[in-house]
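First the structure, in the form of structure tokens, and then the observations on it.
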Amino acid sequence: MGNTIVNVPGSNVSINLNEYQCSDRGLILPIINEYTWPVWVRVVIYLATLLYLFLGIAIIADIFMCAIEKITSKTQIIKYPNPNNPDEIIDKEVKIWNDTVANLTLMALGSSSPEILLSVIEICGNNFLAGDLGPGTIVGSAAFNLLVISAICVIAIEKGEIRRIKNFKVFLTTATWSIFAYIWLFIILVLITPNEVTLWEAVITFLCFPLLVTQSFMTEKNFFLKSKKTDIDQEHQKLSQMTVWQRKKLFEAPVVSAEEVMQYTKAIGDRTDLTEDEKAKLMAAKILKSKDKSYAHYRINGVRQLTGSRRNEIELPEHLEEILRKNEIEEASHSKDDLGIQLHGTFLKDLSENGKKSVVEFAASSYAVLENEQVCRIIIERYGKLDQDVTFRVETIDGTAEAGEDYNKIDEVITMVKNQRFLPLDVTIIDDNQWEPDETFFVKLSLYGEQNDVKLGHKTICMVTIIDDDEPGEIEFSQPVYVVKESIGTFEVTVERKNGADGQVSVAFRTSDINAIADKDYIPKSGILDFKHGEITKTIPITIIDDKTAEKDESFAIELFDPKGGVKLARVWKTVVTIINDDDLKTIANRMANMVNADLDAISVVKKGWGQQFVEAMNVNGGDIETAKPLDYAMHFLSFPWKVLFAFMPPPHLLGGWLCFVCSLTVIGGLTAIVGDAAAIFGCLVGLKDGVTAITFVALGTSLPDTFASKIAAKNEKTADNAIGNITGSNSVNVFLGLGLPWLVATIYWQIKVNILFYNINLFLGFF
């Protein structure tokens with residue numbers, strides 16, 4: 001600490017700092033002379049300082065990860081075969097950075113930068129001698145990652161759900177290296193050179209880092225175990241696992257188009273209860289959910305949850321979240337989706353890899369059963385490889401129908417024996433002889449245990465509708481409003497029979513003008529719809545006349561009347577069809593597309609300038625006050641000074657993200673140096689050794705953002721790669737880079753110093 005004798009201003013009194021507790025700790029701290037203060041006051045001050053520094057490091061690490069996201073998202077143009085036309089070659093932007101290499105280099109540096117920098121700063125500030133804080137933090141962080149974060153991820157997953165490692169070969173590689181890392185530490189620090197690190201040990205430790213990255217990359221590319229599939233087959237298989245939105249983002253422009261908006265509007269139906277802004281948010285949320293996300297995405301989101309900042313996810317109100325959830329269930333339960341589940345013809349349906357794997361799925365995506373039939377038979381089918389037993393789990397999930405009241409719950413593990421192609425599954429329906437509306441529940445199919453040659457097909461969820469047969473029911477249109485293009489030609493209006501299906505009934509229908517004119521704008525129609533016993537839907541084909549002239553929007557009505565057979569008309573007995581000029585419809589779609597893109601840009605981590613950075617820093621939840629919670633306000637108040645200070649950082653889009661990368665890394669280094677001092681003084685004041693302080697307080701503080709990130713990834717992702725995969729990679733990188741780098745610097749320093757000493761001795765002896 002330099003001079004330990006301090007003169008008190010205005011007097012002849014001098015104070016010897018060595019007489020006060022913990023006055024010899026710290027490189028930067030204390031800023032003021034607080035040695036004479038009561039110990040408990042100093043403990044509180046340094047504990048609060050540590051916690052606030054952890055908050056600041058989390059926020060600047062968020063900016064650092066944004067820079068890394070920008071760097072690793074850099075693309076280049078390559079020639080690519082068009083999946084819709086194999087003979088056509090198209091230009092496609094692809095990432096320059098390999099995901100595995102990015103995760104083990106820049107991503108690992110981003111998530112572990114405080115621990116790594118603390119180790120480097122401590123050894124450099126300790127006359128190139130190893131301390132306890134840096135290594136202790138790395139070991140403590142590894143233990144926290146492996147035990148606490150893994151446990152939190154398991155708890156975060158809802159009961160009955162499973163998360164599997166998708167890229168298992170890379171995970172196995174990083175897991176092996178992480179185990180080797182700590183075995184290596186034991187060998188060199190206990191067995192070979194106890195409590196000492198030599199130059200060759202430091203060099204090997206550091207070189208393990210590029211070896212880890214290289215082997216992981218080669219493993220991902222099947223370098224050690226060549227795949228029999230061609231590159232195009234692998235790409236096709238990858239495409240088959242994508243949703244339509246992922247395929248659109250792969251082969252179309254990176255922004256949402258008007259055509260996509262119209263397709264999604266069709267998917268959710270012409271809902272008059274939703275505004276254009278709400279529809280845009282729904283679509284933005286759906287697109288974002290379908291995207292492949294990096295660990296950086298969840299790391300950034302975890303920090304922003306912790307600090308009351310704008311999330312990089314679309315946050316929907318409860319009623320929109322419910323609509324999105326139902327839409328996803330409906331999509332999962334339909335094998336021939338309007339949105340293009342068969343974009344590549346029969347190819348997407350064949351997941352058996354030319355008969356090498358068994359594929360199990362439901363024979364149909366939906367079933368309907370009359371309540372008095374008391375049994376709904378669901379068929380499970382298998383195709384592809386048949387010469388093996390296949391074990392899977394079948395479970396029912398409540399919808400509007402409830403297990404125990406409307407049907408008997410099923411949760412069974414079933415085995416299809418060798419050469420068995422079909423398996424009937426009977427679900428018992430409870431007939432209570434009381435009238436109730438039609439109700440639905442779902443049946444879910446999942447694999448049981450590890451089966452390498454077995455895969456799930458497209459139809460893994462089917463919907464069962466229980467049709468009440470105690471009443472003739474009610475008849476109505478499926479929706480109150482239809483919006484169609486003038487050039488649509490003929491479209492179908494659906495009429496539904498609900499809340500009963502007993503007996504044969506009929507209802508009449510007719511069209512009537514509003515401001516559209518029959519035989520000029522549409523072909524008028526009238527007739528009778530006959531519903532047989534148990535029949536629940538009918539369609540009315542309507543033809544629109546395209547007169548090729550620009551017109552205002554025109555509407556006509558279709559109404560139901562004269563129900564017979566005991567059936568009644570329900571609430572939507574009349575529907576309005578609005579004919580929109582194609583140009584007007586495109587204008588609406590373009591406006592919604594702009595709104596969707598604006599929603600996506602608002603949560604982008606790389607498309608912000610200084611002005612937007614300050615706006616988001618000074619507002620709770622980044623300005624999205626509607627979805628802000630009380631905790632967001634509290635954390636925003638606490639982190640406000642950090643947010644405003646770090647808003648001066650260069651935006652990530654400047655110079656490809658590298659300027660922000662360097663500046664934020666420098667700030668992290670400075671804050672980490674202060675953390676090292678605060679932790680050392682705090683531990684000294686409460687009587688803890690540096691190693692214990694590092695393993696507990698410091699490791700916990702630096703690992704909190706990773707905890708939030710992994711928990712979010714475990715809940716939102718379908719695989720466990722981003723939740724658990726980061727743990728093994730981070731633990732390996734922490735040892736090889738966090739310990740190897742400072743050890744290498746220190747051993748080189750001492751080797752040079754020894755060489756200079758020997759040189760001077762030899763030079764001195766040469767004079768005699």
Side-chain angles (χ1 to χ4, degrees), residues 154-164 318-319 321-335 360-382 390-416 422-449 456-471 473-474 478 496-502 534-537 714-716 718:
V154 172
I155 295 172
I157 300 174
E158 294 183 7
K159 185 179 179 180
E161 294 188 0
I162 298 175
R163 301 287 188 271
R164 289 187 172 88
E318 188 174 339
H319 71 287
E321 194 72 51
E322 181 66 17
I323 293 172
L324 183 62
R325 186 185 67 82
K326 288 182 178 179
N327 179 245
E328 289 175 345
I329 293 176
E330 289 173 2
E331 281 189 6
S333 66
H334 289 81
S335 60
V360 183
E361 63 181 356
F362 290 113
S365 58
S366 61
Y367 291 83
V369 58
L370 292 173
E371 190 179 60
N372 66 353
E373 293 181 6
Q374 299 184 0
V375 173
C376 177
R377 170 157 290 187
I378 298 171
I379 303 299
I380 301 171
E381 66 176 0
R382 171 173 60 164
V390 174
T391 304
F392 49 86
R393 181 182 179 188
V394 179
E395 59 181 322
T396 54
I397 302 172
D398 287 354
T400 53
E402 296 182 2
E405 295 183 7
D406 302 301
Y407 69 96
N408 288 343
K409 181 177 179 62
I410 290 179
D411 189 351
E412 300 178 3
V413 176
I414 301 175
T415 298
M416 293 182 75
F422 300 97
L423 186 145
L425 176 72
D426 290 338
V427 182
T428 302
I429 307 299
I430 300 174
D431 186 4
D432 52 15
N433 294 322
Q434 294 181 354
W435 178 86
E436 52 191 349
D438 297 346
E439 297 172 312
T440 60
F441 64 93
F442 302 91
V443 185
K444 181 181 177 182
L445 191 67
S446 59
L447 294 181
Y448 184 79
L456 291 175
H458 292 299
K459 291 169 283 188
T460 58
I461 298 178
C462 75
M463 180 174 67
V464 179
T465 302
I466 304 173
I467 303 169
D468 188 86
D469 59 348
D470 298 317
E471 295 286 342
E474 300 176 334
S478 61
E496 297 178 343
R497 182 183 187 183
K498 297 182 176 180
N499 302 330
D502 185 38
E535 193 173 11
I536 57 174
T537 60
K715 291 183 68 175
N716 296 348
K718 294 181 179 179

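Here the structure is a predicted model, which is why all the values come from computation and not from measurement.
Gln374 is not listed as a side-chain neighbour of Val369, based on a closest heavy-atom distance of 4.5 Å or more. Contact of the Glu474 side chain with the Arg497 side chain is not registered, since no non-hydrogen atoms from C-beta on lie closer than 4.5 Å. Side chains of Ile461 and Leu445 form no contact here, defined as non-hydrogen atoms less than 4.5 Å apart. Within the 4.5 Å cutoff, the side chain of Ile378 has heavy atoms near those of the Phe362 side chain. With a 4.5 Å cut-off on side-chain heavy atoms, Val427 and Val464 do not count as touching.
With sequence neighbours excluded, the residues forming a side-chain hydrogen bond (donor to acceptor under 3.5 Å, both in side chains) with Ser478 are Tyr482, listed by chain and number. Residues satisfying the side chain to side chain contact (heavy atoms under 4.5 Å, CB included) criterion with Ile397, sequence neighbours excluded, are Phe442, Lys444. Take Thr396 and apply the side chain to side chain contact (heavy atoms under 4.5 Å, CB included) test, not counting sequence neighbours, and it matches Tyr407, Lys409, Ile410, Phe441, Val443. For Glu402, the side chain to side chain contact (heavy atoms under 4.5 Å, CB included) criterion is met by Asp398, Glu405, Asp406, not counting sequence neighbours. Remark: Glu535 pairs with Lys538 by the side-chain hydrogen bond (donor to acceptor under 3.5 Å, both in side chains) rule, at least two apart or across chains. Legend: residues meeting side chain to side chain contact (heavy atoms under 4.5 Å, CB included) with Thr400, ordered by chain and number and at least two apart, are Glu439, Thr440.
In this structure, Glu395 contributes its side chain and Asp411 its backbone to no donor-acceptor pair below 3.5 Å. The main-chain N or O of Ala714 is found under 3.5 Å from a side-chain atom of Arg163 such that the two form a donor-acceptor pair.
Other residues, nucleotides and ligands contribute at most 12 non-hydrogen atoms within 6.0 Å of the OH atom of Tyr448.
Between Tyr367 and Cys376 the shortest heavy-atom distance is CB-SG, 4.0 Å. Nearest heavy atom pair, residue Ile466 against residue Ala401, reads CD1-CB, 4.2 Å. Across every non-hydrogen atom of Met416 and Leu423, the tightest pair is CG-CD1, 3.7 Å. Taking each heavy atom of Ser446 and Leu456 in turn, the nearest pair found is CA-CD1, 4.1 Å. Nearest heavy atoms, Leu447 versus Arg164: O-NH2, 3.7 Å.
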(Q) Using side-chain contact (heavy atoms from CB on, under 4.5 Å), reason through Val360 and Ile380 one step at a time and then give a plain yes or no. (A) CA-CA 7 Å; Val360 183; Ile380 301 171; 3.7 Å; yes
